[in-house]
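Every chain is numbered from 1, with letters handed out A, B, ... down the list of sequences.
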Amino acid sequence: KKHKKGKVEGAEKVGKKGIKKEKVLEEEKEQEVEKMEEEEEREEGAGGEMEGKDEVGKGSGDGKGVKEEEKLGETQSTGMEQEKEEEEGKGDGPEKEKKKKSRKKKLEGEEQEKEEKKREEEETPGKSRKRKSKEGGGEKNNKKARKEEGKEVENKWKWWEEEKKEDGVKWTQLEHRGPYFAPLYEPLPEDVRFYYAGKPLKLSLATEEIATFYAKMLDHEYTTKEIFQNNFFHDWRKEMTSEEQEIIQELAKCDFSEIHKYFVDKSEARKALPKEEKQKLKEEADKIQEEYGYCILDGHREKIGNFKTEPPGLFRGRGDHPKMGMLKKRIMPEDVVINCSRDSKIPEPPEGHKWKEVRFDNTVTWLASWTENIQNTLKYIMLNPSSKLKGEKDWQKYEVARRLKDVVHEIRARYRADWKSKEMKNRQRAVALYFIDKLALRAGNEKEEGETADTVGCCSLRVEHIRLHPRLDGQEHVVELDFLGKDSIRYYNKVAVEKQVFKNLQLFTKNKDPSDDLFDRLTTTFLNKHLQHLMDGLTAKVFRTYNASITLQEQLKALTNSEDNVAGKLLSYNRANRAVAVLCNHQRSVPKTFAKSMEILQTKIDAKKKQVEEAQQELKKAEDELEDTKDAKAEANVEKKKKLLKRLEEQLARLNVQATDKEENKQIALGTSKLNYLDPRISIAWCKKFGVPIEKIYNKTQREKFAWAIAMANEDFEF
DNA sequence: TCTTTGGACTCAGAAATATTTAG
DNA sequence: CCTAAATATTTCTGAGTCCAAAG
């Protein structure tokens, strides 16, 4: 079923003949390899090779990969140990003192945040303050809330200061309430009707529910797609009564518009609800969150990431997904496996129901799981990123990436050498690894054909995804890559590669169809096995983490100007972040209101410019007057005007920065790299070094996720 | 022994919702 | 000061990676 590599696929399709054919091909290839080698030797003799001079990254001008030369002197200890060393390196005394110190730091941090807020209030007089007073009696509540928040911070579990558990065991105590189930279907009011072939038709409850799923999506592009419509209609009909099946034969004759309107109106009504009603709704939600949103893990209360089961609906695949529109069934307690500790209070299934299973597996981190009916895969309820279990793993991930830093040069030398390997397999591996390293491509596992959208990563690239240009725009050996990656996001890049890589690619594409695998002898398993052998814990994805983080560090170093004000520094940070997002190809659709809001911003800038000019003139006038009169009043006036001018100029500068940032950010999503690829300690060290409050970089949620890093990184941290 | 399948976890952008800012 | 629009944050769940057990 899987999209097999060329060899196997051939065998499957044409049987023995195919295998024979393959073998011939293989021999041919081997011969070619040898031929190429001869050529290469000749060229090398002529001194035409670029050996050694072309470090990865240089050619592309993306500035990564080259700079962190020869850090081999650093300790080779394991990550965690290294961390400890760093902590101790700060000159902290015994354990207790260390703890005290970090708590103190926390407090300082909070104060800083308050300061921050104050400053902001001053900058924009009366705005945020007003909001607060508007809440009237809320003032007290507000204070209380803040106090509580502070207390919570105090109580936060500093798991990074504790000993690590033995390998494989994830917890000793786990207690929770089980998932919160999606609300049951509420039938439509009598006056909201479905029409078939122009006539109203009363649907059975189950049929009606599924109809609402489609109706709700009516103004979404999905419902215009044929696959979506077909899948939906097929699944819908399966759930109909036989009478309904008899009548409802064509989707085109179905009229969901009244149902659609009902839901649109409903959501608008909800939006227009009076304040108190909204407040009540929110309180109810908070209560559920409070009850189901947390668990106890090893004596600590930890937030759960997704404590609700996914409601039924229509499957929304990304890109050209063959299963889009299929019915996603309602999850019942009978589908759910509960995982908790033996001695804990085992969660109660909803009235009249039973769990599928209750197990006590402390080698996994999930609290509950069920099998989803579209792809027949497991879904889990797991902890929030702020939890120990996630945080520790995250930390570990960055430590692995840091270890790669120590050996990456050897690895690069190795794969460069392998570009000339006699074995086709190894050659392909070496070229693929080069792409993974230089372009930060994903590994590219094989996928089941017809089960998912047709997307690829490095190892699954096909011949049709690359074009080879011996010369292009004044550059030699240019590879043009164009393919759909994860989430069907297009990757498009023209990149100059080394001659040897280019020649190999020519070899790999020779005598192949466009739809054949570029790396037909390569699988991610084979690649990762090799990587594991080069460094403990090394896999393809580590390169993405490593290159992302090292790029951030280098870009920050290159772009930050300590003379800049905070806004200017933040622009630099965003640019560094952006460089990483570009490298990782993290994209977003251009916001709908982008052009408009850009225009508005420009108008504002123009207006501000005018104000600045006026202020300049007024200042001059005031100075002239002072010249004449030389009295104290005139002098005060000059001072006043000076101040005004300065303020306006600052405001203008800020607007300009904002505009630049916005334009550059148009199509780029910064969030993913920030949350998943950039070692937070780099950012925190940068903040400390340049006096930028951490809150400017990380919002509350992000600070919770990276609490470990905030606690342990000082300004000297080096990735 | 090798491949396939199942399982568990990270990472991904869109959509929903909350908050802030502008008019 | 109020409302609406813009922006920031949070939620949601699909889509990958990688490992190990099963076949």
Side-chain angles (χ1 to χ4, degrees), chain A residues 1-2 4-5 8 120 124 126-128 130-131 133-134 170 217 220-221 267 270-271 278 281-282 285 289 305-311 313 315-319 321 323-324 328 337 339 361 363-366 369 371-372 374-380 382-385 389-390 393-394 397 442-448 451-453 455-460 484-489 523-525 527-529 531-532 537-542 544-545 548 584-589 591-594 596-598 600-601 604 658 662 668-673 675-677 698-702:
Chain A
K1 260 192 247 165
K2 284 201 180 172
K4 305 260 175 55
K5 291 289 161 180
V8 190
E120 269 166 25
T124 51
K127 289 208 176 132
S128 35
K130 250 174 225 157
R131 185 138 306 277
S133 53
K134 209 182 88 184
K170 306 287 167 63
M217 292 178 75
H220 198 289
E221 201 197 335
S267 95
R270 223 175 78 100
K271 249 184 266 169
K278 275 188 183 167
L281 245 59
K282 196 172 176 274
Q289 161 82 36
N306 56 326
F307 60 90
K308 294 174 178 167
T309 62
E310 294 174 14
F315 179 76
R316 303 155 87 111
R318 311 237 185 162
H321 196 116
K323 298 194 169 187
M324 64 168 75
K328 235 176 75 163
V337 179
N339 191 35
D361 184 353
T363 67
V364 295
T365 67
W366 52 269
S369 71
T371 301
E372 152 269 354
I374 304 285
Q375 326 234 32
N376 204 244
T377 57
L378 284 160
K379 296 257 185 179
Y380 301 94
M382 287 186 186
L383 294 182
N384 187 273
L389 247 27
K390 295 290 182 189
K393 201 78 189 299
D394 206 33
K397 172 180 77 185
R442 296 186 186 82
N445 286 307
E446 293 131 90
K447 320 200 316 180
E448 274 180 279
E451 297 287 301
T452 59
T455 63
V456 298
C458 186
C459 294
S460 49
L484 296 183
K486 182 177 181 180
D487 289 330
S488 292
I489 299 292
T523 64
T524 51
T525 311
L527 174 63
N528 279 335
K529 223 167 238 161
L531 293 174
Q532 176 60 42
L538 187 61
T539 63
K541 78 192 268 284
V542 178
R544 242 167 109 80
T545 310
C584 294
N585 199 40
H586 290 140
Q587 300 187 17
R588 61 167 183 176
S589 42
K592 284 223 156 58
T593 55
F594 184 85
K596 204 174 127 206
S597 75
M598 203 65 201
I600 291 168
L601 189 56
K604 253 199 277 180
Q658 210 184 327
K662 196 169 183 151
I668 297 170
L670 299 184
T672 304
S673 52
L675 247 47
N676 301 302
Y677 287 102
Y698 293 131
N699 67 30
K700 185 163 161 270
T701 316
Q702 294 164 342

Length of the line joining [X]:[atom1] and [N]:[atom2], which is rounded to integer Å:
| X | N | atom1 | atom2 | result |
| --- | --- | --- | --- | --- |
| A/H586 | B/dC11 | NE2 | P | 9 Å |
| A/M324 | C/dG14 | CE | C1' | 12 Å |
| A/H321 | C/dG14 | NE2 | P | 9 Å |
| A/K700 | B/dT19 | NZ | P | 10 Å |
| A/R318 | C/dC12 | CZ | C1' | 10 Å |
| A/I374 | C/dT13 | CD1 | P | 13 Å |
| A/K390 | B/dC11 | NZ | P | 10 Å |
| A/K393 | C/dT17 | NZ | C1' | 11 Å |

Donor-acceptor side-chain pairing of A/K390 and A/T365 below 3.5 angstrom
no
Less than 4.0 angstrom between a side-chain N/O of [X] and OP1 or OP2 of [N], yes or no?
| X | N | answer |
| --- | --- | --- |
| A/K308 | C/dT13 | no |
| A/T672 | B/dG13 | yes |
| A/K328 | C/dG14 | yes |
| A/Q375 | C/dA15 | yes |
| A/S589 | B/dA14 | yes |
| A/Y380 | C/dT13 | no |
| A/K486 | B/dC11 | no |
| A/T377 | B/dG7 | no |
| A/K397 | B/dC11 | yes |

Which is true for [X] with a 4.0 Å heavy-atom rule: it touches a base, it touches only sugar-phosphate, or it touches nothing?
| X | result |
| --- | --- |
| A/E372 | nothing |
| A/S369 | nothing |
| A/T365 | sugar-phosphate |
| A/P311 | sugar-phosphate |
| A/K170 | sugar-phosphate |

Hey, can you tell me if A/F315 and A/H321 have their rings parallel, tilted or perpendicular (30° and 60° cut-offs)?
perpendicular
Heavy atoms under 4.0 Å is the rule here; annotate nucleotides 18-23 of chain C 5' to 3' with B where the base is hit, S where only the sugar-phosphate is, and - elsewhere.
BS----
Rounded to the nearest 0.5 Å, how far does CD of A/E372 lie from OG1 of A/T309?
13.5 Å
Which nucleotide, B/dA15, B/dC9, B/dC11, lies nearest any side-chain atom of A/H220?
B/dA15
Closest listed nucleotide, where the reference is the side chain of A/R442 and the choices are B/dC9, B/dT10, B/dA12:
B/dA12
Side-chain heavy-atom pair A/L389, A/M382 within 4.5 angstrom cut-off
no
In the structure I gave you, are the side-chain heavy atoms of A/H220 and A/R316 within less than 4.5 Å of one another anywhere?
yes
Want to settle it: does A/I489 or A/M382 sit nearer the 5' end of DNA chain B, counting the closest nucleotide to each?
A/M382
Both A/T545 and A/R316 contact DNA chain B. Taking the nearest nucleotide for each, which residue is further toward the 5' end?
A/T545
Show the numbers, then the answer: is there a side-chain contact (heavy atoms from CB on, under 4.5 Å) between A/K486 and A/T455?
CA-CA 6 Å; A/K486 182 177 181 180; A/T455 63; over 6 Å; no
Would you sort out whether A/R442 and A/K541 count as a side-chain contact (heavy atoms from CB on, under 4.5 Å), showing the intermediate values?
CA-CA 6 Å; A/R442 296 186 186 82; A/K541 78 192 268 284; over 6 Å; no
Name the residue closer to the 5' end of DNA chain C, choosing between A/G319 and A/T701 according to the nucleotide with the nearest heavy atom.
A/T701
Closest non-hydrogen atom pair, A/S369 against A/L378
OG-CD2, 4.3 Å
Just to verify, what does A/Q375 make a side chain to side chain donor-acceptor pair (under 3.5 Å) with, not counting sequence neighbours?
none
